[in-house]
Structures are given as C-alpha cells and as structure tokens.
Amino acid sequence: MTSERYAIGLARAFGGAILFGIPLLMTMEMWSLGFSMGRGRLLLLMSFTFAVLVGLSYFSGFEKTFSLKEDAMDAFAAFGVGVITSAVLLMVFAVISLDMTWGEIVGRVALQSVPASTGAMLGRKQLGAEQDMEAEAERKREAGYGGELFLMLAGALFLAFNMAPTEEMVLIAFQMTPWHGLALGALSIVLLHAFVYSIGFSGQESRPEGGSFLSTFVHFTLVGYAIALLMSLYVLWTFGRTDGVALAEIANMLVVLGFPASLGAATARLVV
Amino acid sequence: MNRDRRTGATRTTKTEQRVPWLEWLAAGLGLILVLGLFGMIGWQVFNGATTPPAITVEVEDMAPVEGGYRVLFRARNGAGEAAAQVEIEGKVSGPGTENETSRVVLDYIPGRSIRRGGLFFTRDPRAGVLTVRATGFAEP
C-alpha cells in the first residue's frame with residue numbers, strides 16, 4: 001500500500017463523512033445538544049464511538065488492516081476526517097463562528113463528529129470502486145456470532161443516533177397508545193427477522209444448525225432486537241431524553257426509536 | 001488474537017514496514033484531534049460546566065427606527081450550564097407617563113456565551129429610564 005492509494009482511501013473517507021454526516025449536520029437539535037448535553041455523557045459517547053470505529057475498521061475500513069494497531073490508526077484517521085468535515089461544514093452553515101466560546105464550538109463539532117467519523121469509516125466500502133470483497137467476507141465468517149452481533153450493534157447505534165436528536169421521537173412516543181406501541185414493536189421484530197433471514201445470514205456457516213426458523217429467530221432476531229433497544233436506551237440517555245421521565249414513557253420511546261435501530265441492526269451487513 | 005494466528009508473524013511485520021507516510025500523518029492528526037477534543041470536553045467537566053445559568057443583559061445600542069425605537073442588547077450567560085427559552089424583558093419608565101414593556105425569547109444561551117437580540121418600543125427609551133433583564137429560562 002502506497003501513500004497514493006491511501007490518499008484515495010482518505011478522499012473516499014471524506015466523501016463518506018459528508019454523505020453520512022449531512023442529515024445530522026443539518027439537524028437543528030444537534031446544534032443545541034452540542035453545548036447543552038452533559039459533558040460526561042459526551043465524553044462517554046465519543047469513547048464508545050471510537051471503540052465501534054476500531055471494530056468497524058476490522059470489518060471494513062478504508063484500507064485492509066492486519067493488526068489492532070492498524071485498526072486503531074484507521075479509527076484515529078476516521079475520527080480526524082469526521083472532526084475536520086464537521087468543523088468545515090458547520091462553519092459554512094454558520095452554525096459555528098469564531099466569536100463563539102470555544103466550549104460551544106468544541107461541543108458542537110465533537111457531537112457531529114460521531115456520525116461523520118462513522119461515515120468516514122464506511123466511506124471506502126460505499127464509494128470505493130475496487131475492494132477486497134473476499135477478505136472482507138472471510139473476516140465476517142471467521143468473526144462468527146460475536147462479529148454478527150457487533151455489526152448489528154454498530155448498525156443499531158448509527159440509525160438510533162440519527163433519529164434520537166429530533167423532537168419527533170419523543171412526540172411520537174407521547175402520541176402513541178399502548179396498542180400502537182405493541183404494534184410497532186411487533187413490526188420491528190417481523191421486519192428485523194425478514195431482513196436477517198433474506199439478506200444477512202442465509203448460507204453462512206455461522207447460521208446455527210442449518211438455520212431452522214426458530215433458531216434463527218432466537219439467535220439473531222430476538223438478540224438483534226434486544227441490541228436495538230439497548231442502543232436506543234443508550235442514545236436516549238446520552239441526549240438526556242430519559243432524565244426524570246417515567247419508566248412507562250421511556251418504554252414507549254424505546255419502542256419508537258427501536259424501530260429505526262432494529263432496521264439499522266438488520267441492514268448493517270449490507271452497509272458494512 | 002484469532003487474526004494474528006491466521007495472518008502470521010512474518011506477514012504482520014512485512015505490512016508494518018509498508019505503512020505509508022500519509023497513513024501516519026492521517027492517524028497522527030486524528031490522534032491529536034481526539035486527544036484535543038477529549039481534553040477540552042474533560043476540562044469543562046471539572047470547571048463548572050454544571051453550574052445553573054446566570055444571565056445578565058447589557059444594552060448595546062438605542063436608535064430610532066421606522067415606527068418607534070430599537071434597543072439592541074446582549075445577554076450573557078455567566079455560568080456553565082446552557083439556558084433555553086430565555087425571556088428578555090425591557091421596560092421604559094419615566095415620570096408622568098405609563099410604562100412600556102417589550103419582550104423577546106432567546107432560544108438558547110450556551111454556558112459562558114453571549115447571544116444578541118433586540119427590542120422595539122414606541123417611546124424613546126433615551127427619554128426615560130430603560131431596564132432590560134432576563135426574567136426566566138428553561139433547562140434545555
């Protein structure tokens with residue numbers, strides 16, 4: 001691998017950062033969350049994102065990696081791309097300007113760098129013309145069940161993160177009756193299963209015992225939905241949406257956000 | 001790790017030698033940005049980022065405009081926590097006349113930050129006594 005090749009990968013990373021980051025870069029709530037959310041939670045979110053980036057680098061970075069050190073280097077590079085992309089675009093949108101306090105600027109850029117750096121990591125896969133599909137497939141195979149769950153987690157986190165900042169998640173939860181909630185939960189599970197069954201895991205060695213309906217359902221669909229709900233809870237907590245809210249109301253929000261999150265979990269394999 | 005066994009030691013060392021300079025640069029820059037961001041956010045954690053908002057309002061400019069008078073102000077949040085829906089109230093009072101009150105709501109004032117706004121009056125605020133203050137806020 002030469003610097004030239006790496007530069008192409010880096011350019012694709014910027015493309016991915018813009019493409020995946022733009023929905024949230026143009027979301028109003030994200031701007032205020034950048035300075036109003038708890039600093040401790042922001043730090044935790046960024047550390048968590050970084051860990052996910054290292055994992056994603058293993059499965060599909062903007063270059064082929066051979067060691068944990070290289071995955072970490074890839075993650076740092078993706079993070080840098082995410083931060084630079086966010087800072088430049090936010091400045092062009094006049095969301096940040098130099099007469100703001102640095103605390104506000106840093107908060108806004110840091111929060112936006114989460115989706116942007118994930119996009120940077122996925123950029124190569126999405127925008128790259130040539131790539132080592134075989135090596136990638138092999139990695140997914142050898143990673144086994146744990147790897148599948150990690151991809152689900154990354155997908156659920158990314159989609160939940162994309163929806164959670166908006167006011168609509170809470171509003172939808174408020175509007176729903178318990179019946180709506182149950183219906184949405186059931187729909188999430190059915191769709192998750194359909195995706196898992198048709199695109200994700202059929203024909204893989206990791207599919208347990210020849211993949212009867214029940215074992216696929218228990219091993220992937222239910223676990224996937226649980227991961228989606230957990231990621232939803234984590235993201236809602238990160239944005240302070242659960243503070244002082246009654247448990248029943250949180251459950252409603254989880255089902256609402258769990259819908260996109262489970263779709264993210266189901267389709268992560270397509271994107272990564 | 002699983003992977004190390006498969007790739008083998010010789011292959012690992014070979015690829016390490018081939019790490020291009022641009023990769024070092026990109027990863028190094030990323031590392032600096034990560035540490036910088038973490039450092040700055042972490043610093044805020046321990047330096048009063050959680051003190052509730054305290055908002056002071058200063059009048060910056062008063063000028064006659066079409067249909068009345070305009071007062072420009074800047075509201076400063078001196079504490080660490082952000083304030084939402086900050087209501088700013090301006091009152092013109094003078095001897096022998098009725099008071100005139102104008103209000104505006106600022107969506108957000110982040111911690112230790114300044115937001116600017118304006119109020120309109122029908123009476124000349126320079127002729128009477130003008131007071132501008134924040135009347136309340138909500139937690140974001």
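Every heavy atom of this structure was used, including side-chain atoms; hydrogens, water molecules and symmetry mates were not.
- Top candidate by heavy-atom pairs under 4.5 Å with chain B, chosen from Ala7(A), Gly82(A), Ser117(A), Ser47(A), is Ser47(A).
- Contacts between Arg41(A) and chain B at a heavy-atom distance below 4.5 Å are absent for every atom of the residue.
- Taking a 6.0 Å sphere around CD of Glu249(A), one finds it holds more than 12 heavy atoms contributed by other residues, nucleotides or ligands.
- Looking at Leu33(B), only its side chain comes within 4.5 Å of chain A, counting heavy atoms on both sides.
- With Arg115(B) as the partner, the side-chain contact (heavy atoms from CB on, under 4.5 Å) test is satisfied by one option alone out of Ile109(B), Ile88(B), Ile55(B): Ile109(B).
- Of the atoms belonging to Pro140(B), it is side-chain heavy atoms, and not backbone ones, that fall under 4.5 Å from chain A.
- Heavy-atom pairs under 4.5 Å with chain B were tallied for Ile84(A), Val106(A), Val83(A), Leu43(A); the largest tally goes to Leu43(A).
- When every heavy atom of Arg112(B) is checked against every heavy atom of Thr101(A), the shortest pair comes out as O-CG2, 2.7 Å.
- Ile41(B) touches chain A through backbone and side chain together, each having a heavy atom under 4.5 Å away.
- Between Glu98(B) and Lys91(B) no salt bridge is recorded (no basic side-chain N to carboxylate O distance below 4.0 Å).
- The aromatic ring centres of Phe50(A) and Phe76(A) sit less than 6.0 Å apart.
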